Amino acid sequence: MSINILVVDDEKEIADLIEVYLKNENYTVYKFYTAKEALHCISMEKLDLAILDVMLPDTDGFAICQKIREKFHFPIIMLTAKDEEIDKITGLTLGADDYITKPFRPLELIARVKAQLRRFTKYNQQDTEEDENIIAISGLILDLNTRKCQLNEKVLSLTPTEFSILRFLCVNRGRVVSSEELFREVWGEKYLSSNNTVMVHIRHLREKMSESAENPKYIKTVWGVGYTIEK
């Protein structure tokens, strides 16, 4: 199966060099020198990883990173000529997964690419044949045997009720679950329209997952209907 990698760098020599090394690993490369071309590619192609230069002629790599994270979860590696901590923090805050400073060794970059692809593949597998009691969705992992939950390798301290809510939403990912259905499943009681229990627990879950209620990555609200975790 082909691995598609986006490379964006306005320094032609560097972009071309990265392309050569990636193609030597049999990756398919989409190479661009401007943000405008890259953003068009992102909207048209299925990508597995992006390598973004911070400094570009028409915008910066941070803006591209932010745009990617609005819809996609594939790994992002930032490239920059600067060796400043603030740039690293900015990139990681906006959703970058790794950061490498120019000048760099091409083989080191390739090693970083492979590591990110391995990690992404591992944490985005659906219920596997090896263990049907593990649910994994975009870095969110639930172990139904131990009732433990991890998000991006960090263990979340969930109450039994919070775990049950998250489990039910994950099992039904891709489908909108109503508050009534969720309440019946988790509490085993009849739902009353005046009951805000589900809403309060969803809010607590989002807080523990560092999710924004306005723009959540995982638990999304479908107003007037219920909640969903997308596939």
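Treat the numbers as computed from the prediction; the structure is a model and nothing was measured.
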K.L.:
Find out whether Tyr227 and Val176 are in side-chain contact, i.e. whether some heavy atom of one side chain is under 4.5 Å from a heavy atom of the other.
P.N.:
no
K.L.:
Measure across Ile137 and Glu230 and return the closest heavy-atom pair with its distance rounded to 0.1 Å.
P.N.:
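Looks like CG2-O, 4.3 Å.
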K.L.:
Is there a side-chain contact between Cys170 and Leu142 (heavy atoms, below 4.5 Å)?
P.N.:
yes
K.L.:
Would you compute the distance between atom CZ of Arg69 and atom CG of Asn215 and round it to the nearest 0.5 angstrom?
P.N.:
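The CZ atom of Arg69 sits 13.0 Å away from the CG atom of Asn215.
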K.L.:
Tell me whether Lys208 is salt-bridged to Glu162, with the criterion being a basic N under 4.0 Å from an acidic carboxylate O.
P.N.:
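Salt bridge flag = yes for Glu162 with Lys208.
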K.L.:
Nearest 0.5 angstrom please: Leu166 CG to Leu140 CG, how far?
P.N.:
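Output value for this atom pair is 5.5 Å.
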K.L.:
Can Val7 be reached from Tyr33 by stepping across I, L, V, M, F, W or Y side chains whose heavy atoms are under 4.5 Å apart?
P.N.:
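They do not share one cluster, since no chain of ILVMFWY contacts under 4.5 Å joins Tyr33 to Val7.
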K.L.:
Identify the two heavy atoms, one from Cys65 and one from Ala96, that lie closest to each other, and give their separation to 0.1 Å.
P.N.:
SG-N, 3.7 Å
K.L.:
Write down the atom of Met209, the atom of Leu156, and the distance for their closest heavy-atom approach.
P.N.:
CG-CD1, 3.7 Å
K.L.:
Side-chain heavy atoms under 4.5 angstrom apart, residues restricted to Ile, Leu, Val, Met, Phe, Trp, Tyr: same cluster for Ile14 and Leu107?
P.N.:
yes
K.L.:
With heavy-atom distances below 4.5 Å as the criterion, would you say the side chains of Leu117 and Tyr27 are in contact?
P.N.:
yes
K.L.:
Within the 4.5 Å heavy-atom criterion, are Asp60 and Met55 side-chain neighbours or not?
P.N.:
no
K.L.:
Is the closest side-chain donor-acceptor distance between Ser164 and Arg147 under 3.5 Å?
P.N.:
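Ser164 vs Arg147: donor-acceptor pair found between side chains.
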K.L.:
Is there a side chain to side chain contact (heavy atoms under 4.5 Å, CB included) between Thr228 and Val177? Walk through the geometry before answering.
P.N.:
CA-CA 6 Å; Thr228 185; Val177 177; over 6 Å; no
K.L.:
Side-chain contact, heavy-atom cut-off 4.5 Å: Ile64 with Ile42?
P.N.:
yes
K.L.:
May I have the step-by-step check of side chain to side chain contact (heavy atoms under 4.5 Å, CB included) for Ile76 and Leu49, ending in yes or no?
P.N.:
CA-CA 6 Å; Ile76 299 173; Leu49 184 141; over 6 Å; no
K.L.:
Tell me which one of Asp10, Asp16, Asp9, Asp53 satisfies salt bridge (charged side-chain N to carboxylate O under 4.0 Å, His left out) with Lys31.
P.N.:
Asp16
K.L.:
About how many Å separate CG of Asp48 and OG of Ser2, when rounded to the nearest 0.5 Å?
P.N.:
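Separation between the atoms: 7.5 Å.
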K.L.:
Same hydrophobic cluster for Met199 and Val225, using side-chain heavy-atom links shorter than 4.5 Å among ILVMFWY?
P.N.:
no
K.L.:
Could you go through the side chain to side chain contact (heavy atoms under 4.5 Å, CB included) check for Phe163 and Leu144 one step at a time?
P.N.:
CA-CA 9 Å; Phe163 185 92; Leu144 304 185; 4.2 Å; yes
K.L.:
Checking Arg206 side chain against Ser212 main chain: does a donor-acceptor pair fall under 3.5 Å?
P.N.:
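No, Arg206 side chain to Ser212 backbone: no donor-acceptor pair under 3.5 Å.
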K.L.:
One pair to check against side chain to side chain contact (heavy atoms under 4.5 Å, CB included): Ile202 and Ile219. What are the steps and the verdict?
P.N.:
CA-CA 8 Å; Ile202 292 290; Ile219 304 175; 4.1 Å; yes
K.L.:
Quick one: closest heavy-atom pair of Met78 and Val54, and the distance?
P.N.:
CE-CG2, 3.8 Å
K.L.:
Any ion pair linking Asp58 and Lys36 (charged N to carboxylate O, less than 4.0 Å)?
P.N.:
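Between Asp58 and Lys36 there is no salt bridge, as every charged N stays at least 4.0 Å from the carboxylate O atoms.
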K.L.:
For a 4.5 angstrom cut-off between non-hydrogen side-chain atoms, does Glu108 reach Ile100?
P.N.:
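Yes, close enough: below the 4.5 Å cut-off.
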K.L.:
Salt bridge (Lys or Arg N to Asp or Glu O under 4.0 Å) between Glu181 and Arg175: does it pass, once the steps are laid out?
P.N.:
CA-CA 12 Å; Glu181 183 180 1; Arg175 182 173 74 84; 2.9 Å; yes
K.L.:
Can you tell me if Ser178 and Arg184 form a side-chain donor-acceptor pair at under 3.5 Å?
P.N.:
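No, no side-chain donor-acceptor pair sits under 3.5 Å.
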K.L.:
So how far is it from Glu214 CD to Thr221 OG1, rounded to the nearest 0.5 Å?
P.N.:
10.0 Å
K.L.:
Minimum heavy-atom separation for Cys149 and Leu158, please, with both atom names.
P.N.:
CB-CD1, 3.7 Å
K.L.:
Measure the shortest side-chain to side-chain distance between Glu37 and Val8 over non-hydrogen atoms and say whether it is less than 4.5 angstrom.
P.N.:
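Sidechains of Val8 and Glu37: no contact.
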K.L.:
Can you name the nearest heavy-atom pair linking Gly61 to Leu56, along with the distance?
P.N.:
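In this case the closest contact between Gly61 and Leu56 is N-CD1, 4.2 Å.
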K.L.:
Going hydrophobic residue to hydrophobic residue with side-chain gaps under 4.5 angstrom, can you get from Ile51 over to Phe104?
P.N.:
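Yes; tracing contacts between hydrophobic side chains, which count when under 4.5 Å, links both residues.
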K.L.:
Answer whether the closest heavy-atom distance between the side chains of Leu6 and Leu52 falls below 4.5 Å.
P.N.:
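Yes, close enough: below the 4.5 Å cut-off.
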K.L.:
If the plane angle is over 60° it's perpendicular, under 30° parallel, otherwise tilted; pick one for Trp187 and His201.
P.N.:
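Judged by the thresholds at 30° and 60°, the geometry between Trp187 and His201 is perpendicular.
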K.L.:
What's the spacing between Leu169 CG and Lys220 NZ if we round to 0.5 Å?
P.N.:
13.0 Å
K.L.:
One thing to verify: whether Arg167 and Asp143 come together as a salt bridge, which I'm taking to mean a side-chain N less than 4.0 angstrom from a carboxylate O.
P.N.:
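A salt bridge is absent here (no side-chain N lies under 4.0 Å from a carboxylate O).
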K.L.:
When rounded to the nearest 0.5 angstrom, what is the spacing between CD in Gln150 and CD1 in Ile134?
P.N.:
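Here the interatomic distance stands at 9.0 Å.
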K.L.:
Side chains of Tyr218 and Glu211: is there a donor and an acceptor less than 3.5 Å apart?
P.N.:
no
